[in-house]
Asks: 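Pasting a structure here, questions to come.
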Amino acid sequence: MFAATTLTGNKPEQYAQLADQARGLLHGEHDRVANAANLAALVFNSLPDLNWVGFYFFDGNELVVGPFQGLPACVRIPLGKGVCGTAARTGQTQRIEDVDAFPGHIACDAASRSELVIPLFAGDGSLVGVFDLDSPLRGRFDVDDQAGLEALARLYTDAIDRGPHA
Ligand code: SME
């Protein structure tokens with residue numbers, strides 16, 4: 001059974017602890033849905049001030065919602081649309097301090113005020129999808145959050161890369 005531990009220290013230290021927990025959860029498992037589900041649950045229950053944490057997977061045409069924690073979400077997002085589609089198309093993490101100031105932001109949960117979306121690429125460079133976090137607070141995500149969550153995203157893509165279908 002998983003026991004959540006309280007994260008301590010400064011943000012980089014907290015993210016190092018979270019990464020250790022994520023390594024434990026993903027260890028020996030390469031299934032992309034199972035790992036996405038556990039990572040979303042870990043992050044949602046470990047970090048404060050989040051209202052949505054989850055994955056969108058690229059189906060070869062557009063992004064389709066995967067495992068997440070939070071309110072039901074938009075199912076399909078075309079590449080280039082919204083914060084998620086922009087991250088997927090540009091290959092760049094989108095750290096949005098104020099979603100109302102982002103042209104084309106897709107409001108799945110009206111409570112969302114800031115958002116961090118990390119694009120996910122397999123080892124061969126192909127687009128896997130995105131890891132998306134929403135907060136009800138404006139400016140919730142700083143550069144330390146971005147670095148810590150990008151490290152978690154790498155653990156995820158490394159784990160699924162080790163699978164037989166990679
Ligand atoms: N806000 C996102 C859509 C996904 S939800 O946040 C879960 C976007 O603009 O792409």
Side-chain angles (χ1 to χ4, degrees), residues 1-57 65-71 73 82-84 86-88 90-102 105 107-123 127-163 166:
M1 188 193 296
F2 179 78
T5 53
T6 306
L7 304 176
T8 57
N10 61 28
K11 267 195 192 181
E13 289 165 347
Q14 293 187 28
Y15 277 109
Q17 294 155 28
L18 198 53
D20 281 343
Q21 294 179 35
R23 272 187 210 93
L25 276 177
L26 304 185
H27 181 73
E29 181 54 68
H30 56 75
D31 186 277
R32 67 174 59 191
V33 173
N35 284 342
N38 265 339
L39 203 53
L42 174 70
V43 172
F44 188 78
N45 288 289
S46 300
L47 299 180
D49 303 318
L50 300 175
N51 59 311
W52 203 91
V53 177
F55 288 75
Y56 279 85
F57 292 129
V65 75
F68 67 91
Q69 300 277 313
L71 291 180
V83 185
C84 291
T86 300
T90 62
Q92 304 288 316
T93 295
Q94 302 293 306
R95 186 162 60 85
I96 309 301
E97 303 259 329
D98 178 358
V99 295
D100 295 324
F102 185 95
H105 168 254
C108 292
D109 182 343
S112 298
R113 287 292 167 271
S114 60
E115 183 159 2
L116 183 75
V117 182
I118 300 166
L120 304 170
F121 292 95
L127 179 66
V128 173
V130 302
F131 181 35
D132 178 18
L133 298 95
D134 285 34
S135 171
L137 303 183
R138 243 178 264 286
R140 161 68 180 80
F141 306 102
D142 64 14
V143 289
D144 288 335
D145 293 299
Q146 180 174 341
L149 290 158
E150 285 176 341
L152 289 185
R154 273 194 302 279
L155 291 177
Y156 175 77
T157 49
D158 286 352
I160 64 169
D161 269 343
R162 284 194 288 273

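Keep in mind that what you see is a predicted model, and the values were worked out from it rather than measured.
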Asks: With heavy-atom distances below 4.5 Å as the criterion, would you say the side chains of Phe68 and Val53 are in contact?
Replies: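 No, side chains not in contact.
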
Asks: Shortest non-hydrogen contact from Pro119 to Ala87?
Replies: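 Result for this residue pair: CB-O, 3.4 Å.
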
Asks: Rounded to the nearest 0.5 Å, how far apart are OH of Tyr15 and CG of Leu47?
Replies: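 Interatomic distance, Tyr15 OH to Leu47 CG, rounded to 0.5 Å: 4.5 Å.
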
Asks: Decide yes or no on side-chain contact (heavy atoms from CB on, under 4.5 Å) for Phe44 and Leu133, but give the supporting numbers first.
Replies: CA-CA 9 Å; Phe44 188 78; Leu133 298 95; over 6 Å; no

Asks: Going from CZ on Arg113 to CG on Asp100, what distance comes out if it is rounded to the nearest 0.5 angstrom?
Replies: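 One gets 5.5 Å once the value is rounded to the nearest 0.5 Å.
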
Asks: If you take all heavy atoms of Leu155 and Ala19, which pair is closest and at what distance?
Replies: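 Closest approach of Leu155 to Ala19, heavy atoms only: CD1-O, 3.7 Å.
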
Asks: How many angstroms lie between atom CD of Gln94 and atom CD1 of Ile118, to the nearest 0.5 angstrom?
Replies: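 Answer for the CD-CD1 pair, Gln94 versus Ile118, is 11.0 Å.
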
Asks: Roughly how far, to the nearest 0.5 Å, is the CH2 atom of Trp52 from the OG atom of Ser112?
Replies: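 One finds 9.5 Å between OG of Ser112 and CH2 of Trp52.
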
Asks: Is Phe55 close to Asp132 at the side-chain level, that is, under 4.5 Å between some pair of heavy atoms?
Replies: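 A side-chain contact is absent here, since even the closest heavy-atom pair is not under 4.5 Å.
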
Asks: Taking it one step at a time, do Ser46 and Gln17 satisfy side-chain contact (heavy atoms from CB on, under 4.5 Å)?
Replies: CA-CA 10 Å; Ser46 300; Gln17 294 155 28; over 6 Å; no

Asks: Please lay out, stage by stage, how Ile96 and His105 fare under the test side-chain contact (heavy atoms from CB on, under 4.5 Å).
Replies: CA-CA 10 Å; Ile96 309 301; His105 168 254; over 6 Å; no

Asks: The criterion is side-chain hydrogen bond (donor to acceptor under 3.5 Å, both in side chains); which residues satisfy it with Asp98, sequence neighbours excluded?
Replies: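 Testing Asp98 for side-chain hydrogen bond (donor to acceptor under 3.5 Å, both in side chains), a comparison that skips the adjacent residues, returns Arg138.
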
Asks: When rounded to the nearest 0.5 angstrom, what distance separates CG in Leu149 from CG in Asp144?
Replies: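 If we round to the nearest 0.5 Å, Leu149:CG and Asp144:CG are 10.5 Å apart.
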
Asks: Answer whether the closest heavy-atom distance between the side chains of Leu50 and Gln69 falls below 4.5 Å.
Replies: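 In short, these two side chains do not touch, never coming nearer than 4.5 Å.
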
Asks: Taking the side chain as C-beta and beyond, is there a heavy-atom pair between Pro67 and Phe57 under 4.5 Å?
Replies: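 In short, these two side chains touch, coming nearer than 4.5 Å.
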
Asks: Could you check whether any side-chain heavy atom of Leu116 comes within less than 4.5 Å of a side-chain heavy atom of Gln146, counting everything from C-beta outward?
Replies: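 Of all side-chain heavy-atom pairs linking Gln146 with Leu116, at least one is under 4.5 Å.
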
Asks: So, do Leu71 and Asn51 sit near enough that their side-chain heavy atoms are less than 4.5 Å apart?
Replies: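 Sidechains of Asn51 and Leu71: no contact.
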
Asks: In residues 20-29, what donor-acceptor pairs under 3.5 Å come from side-chain atoms, sequence neighbours left out?
Replies:
{"residue": "Asp20", "atom": "OD1", "partner": "Arg23", "partner atom": "NH1", "Å": "2.8"}
{"residue": "Gln21", "atom": "NE2", "partner": "Thr5", "partner atom": "OG1", "Å": "2.6"}
{"residue": "Glu29", "atom": "OE2", "partner": "Asp31", "partner atom": "N", "Å": "2.9"}

Asks: Spell out, as yes or no, whether a donor-acceptor pair under 3.5 Å connects the side chain of Gln14 to the backbone of Gly9.
Replies: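 Confirmed, Gln14 side chain pairs with Gly9 backbone.
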
Asks: Do Ser114 side-chain atoms and Leu137 backbone N/O form a donor-acceptor pair below 3.5 Å?
Replies: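 Looks like yes, one N/O pair under 3.5 Å.
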
Asks: Kindly determine whether Arg95 and Val143 satisfy side-chain contact (heavy atoms from CB on, under 4.5 Å), including the steps that lead there.
Replies: CA-CA 9 Å; Arg95 186 162 60 85; Val143 289; 3.3 Å; yes

Asks: What residues form a side-chain hydrogen bond (donor to acceptor under 3.5 Å, both in side chains) with Asp142, not counting sequence neighbours?
Replies: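 Expected list: Lys11.
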
